[in-house]
Amino acid sequence: MKKTIFFSALVCSSLFADADLDALKEQIAQQKIIMQKLETKLDALSKKQSQMQATQKSMQASTTTSVNSSASFSQNAYLPDIALILNMSAVSRDVKNSDYANFAIPGFIASGDAALPFNKDRGFNLNYAEVAMRSSVDPYFDAFAIFHLRSDSFEIEEAYVQTTSLPYALKIKAGKFRSAFGRINAKHQHSWHFDSQPIIFKSLFGPDGINDAGIQLQWVAPTDTYIMAGIEAMQGTNTRSFGDTESNNLYVAYLKSSIDVGDDLSILAGMSMIHGKNNENNTTNPTNIYGLDLTMREQLGSYSALIWQSEYLYRKKNVGIRDDKQAGLYSELIYQYNNNYSAGFRYDAITKNDTDLSAYSGIDTNNLDRYTTMLEYKPFPMSRLRLSYTYDRTKIIAGERKNINEVMLSLNIAAGAHGAHDY
């Protein structure tokens with residue numbers, strides 16, 4: 001009896017096992033059918049997507065060809081960077097506004113001829129609102145435009161294109177731009193270490209410096225030491241030293257280099273030359289200006305540095321009846337304590353003034369110099385407060401030599417995508 005029961009149980013287990021095996025085989029067969037259907041659907045979708053992509057590429061190629069057959073790119077990647085810069089000041093000065101507007105610098109600026117776009121009046125000044133735009137045009141050119149808006153004027157400060165892919169380390173700039181003559185000329189007012197322009201630059205070039213329509217070619221030597229040579233041809237509309245614009249008459253050449261001494265000291269030096277024409281005394285005459293610049297930066301810590309910057313300019317200007325020989329310099333020392341605080345001192349001087357000074361008979365025209373100190377606070381890299389004191393001995397006010405004291409508090413705000421400036 002026991003044998004019969006055991007045999008029956010064994011047969012039942014075998015039958016149940018066969019049934020489970022058959023069910024599993026059925027499930028596998030069904031899964032195979034489902035997988036085949038999914039693979040068929042996937043193949044159909046892949047073919048459809050390939051057809052759509054081919055159609056889109058064909059449409060893009062057709063559109064690009066109709067616009068420009070030589071370049072194919074998405075214009076969305078070339079939208080311009082736009083920045084807004086606001087510069088304003090509060091000024092205390094021991095000279096009336098009407099008298100200051102008519103100052104003279106003997107041998108350089110006659111009374112009433114000075115242009116004063118920055119910090120003109122005692123009290124409050126909105127010096128300018130600057131709109132700066134930069135964009136990659138295509139793989140070959142970048143475009144730049146800088147506009148100055150004032151309460152009474154709109155000015156195209158700069159507007160030029162610049163190459164990006166010339167061989168042999170060459171670069172071309174064309175349009176209206178600030179010349180790379182010297183050190184400070186190429187910088188905008190809001191990037192200076194002091195709010196006022198150096199006296200020698202103001203005297204020789206006016207508040208705009210050398211900023212004109214023209215073309216520039218620069219070349220960087222393939223050496224371990226940075227060496228850059230450049231030449232420029234410009235229209236020559238600057239009337240302080242030039243001004244004969246019957247054709248382009250201004251030519252600039254310069255050579256610049258920088259070296260690192262150890263890990264912390266960088267030295268930048270350059271020499272520059274300008275040749276142009278003036279029309280003094282109703283004749284066309286040559287003007288030559290020579291410049292030397294030296295900048296040294298000692299990095300004292302991660303955010304601390306000491307910067308010494310100096311320039312010397314010499315002008316020989318033929319005015320038809322004589323040669324005027326004039327020169328001057330500025331030298332400034334800046335201590336950057338950290339990212340927030342800086343302090344500085346600058347000395348300006350006219351060192352040579354060999355010209356006709358008969359209009360200032362009886363007035364001491366020697367020792368034309370100026371001293372400026374400043375304290376600067378940057379709450380953030382895009383904002384700056386600067387307090388400065390200036391003692392100015394370069395000006396003739398109301399027919400007599402006047403030593404001027406000036407205290408100024410300036411505020412500069414930069415909003416938007418704005419490129420970094422050289423130190």
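Below, all heavy atoms of this structure are taken into account, side chains as well, without hydrogens, waters or symmetry copies. In what follows, residues are counted from 1 in the order of the sequence shown.
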Side chains of Y330 and E311: do they bring a donor and an acceptor to under 3.5 Å? yes
If you define the side chain from C-beta out and look only at heavy atoms, does anything of R346 sit under 4.5 Å from T373? no
Pairing donors with acceptors under 3.5 angstrom, does anything connect the side chains of N102 and S111? no
Do V407 and L387 have side-chain heavy atoms sitting under 4.5 Å apart? yes
With a 4.5 Å heavy-atom cut-off, do R370 and Y347 have their side chains touching? no
Looking only at side-chain N and O atoms, does H193 offer a donor or acceptor that is under 3.5 Å from a partner on E376? no
So that I can tick it off, tell me whether D323 and K325 are bridged by a salt bridge, with the cut-off set at under 4.0 angstrom between side-chain N and carboxylate O. no
Is a donor from one side chain sitting under 3.5 angstrom from an acceptor on the other, for D195 and S410? yes
Go through K173 and E232 one step at a time and tell me if the salt bridge (charged side-chain N to carboxylate O under 4.0 Å, His left out) criterion holds. CA-CA 9 Å; K173 180 188 292 186; E232 300 168 356; over 6 Å; no
Are the side chains of I350 and I199 in contact, using a 4.5 Å heavy-atom criterion? yes
To the nearest 0.5 Å, tell me how far Q309 CD sits from L268 CG. 9.5 Å
Side-chain H-bond candidate by donor/acceptor type, D212 with Q235, under 3.5 Å: no
When the ring centroid of Y128 is compared with that of H148, is the distance short of 6.0 Å? yes
Between S331 and W308, do the side chains contain an N or O donor and an N or O acceptor separated by less than 3.5 Å? yes
Measure the CD-CG distance between Q189 and N87 for me, rounded to the nearest 0.5 Å. 4.5 Å
Indicate whether any N or O donor in one side chain lies under 3.5 Å from an N or O acceptor in the other, for D392 and T394. yes
Go through N405 and Y391 one step at a time and tell me if the side chain to side chain donor-acceptor pair (under 3.5 Å) criterion holds. CA-CA 5 Å; N405 294 280; Y391 181 63; over 6 Å; no
Tell me yes or no: between the side chains of Y251 and N248, is some donor less than 3.5 Å from an acceptor? yes
N412 vs H190, test: side chain to side chain donor-acceptor pair (under 3.5 Å). Steps then yes/no. CA-CA 7 Å; N412 193 86; H190 63 85; 4.5 Å; no
Can you find a heavy atom in the side chain of V319 that is under 4.5 Å from one in the side chain of D356? no
Please confirm whether Y371 and Y389 have ring centers closer than 6.0 angstrom. no
For the atom pair CG (L255) and CE (M271), what is the distance rounded to the nearest 0.5 Å? 4.5 Å
Looking only at side-chain N and O atoms, does S241 offer a donor or acceptor that is under 3.5 Å from a partner on R315? yes
Could you check whether N338 and S304, counting side-chain N and O atoms only, form a donor-acceptor pair closer than 3.5 Å? no
Which residues share a side chain to side chain contact (heavy atoms under 4.5 Å, CB included) with T164, sequence neighbours left out: D142
Indicate, with yes or no, if the rings of Y254 and F181 have centres closer together than 6.0 Å. no
With a 4.5 Å heavy-atom cut-off, do I274 and F242 have their side chains touching? yes
Is any side-chain heavy atom of M408 closer than 4.5 Å to a side-chain heavy atom of T390? no
Will you find, in the side chains of N279 and D244, an N or O donor that is under 3.5 Å from an N or O acceptor? no
Ignoring hydrogens and geometry beyond distance, is a side-chain donor-acceptor pair present between T295 and R183 at under 3.5 Å? yes
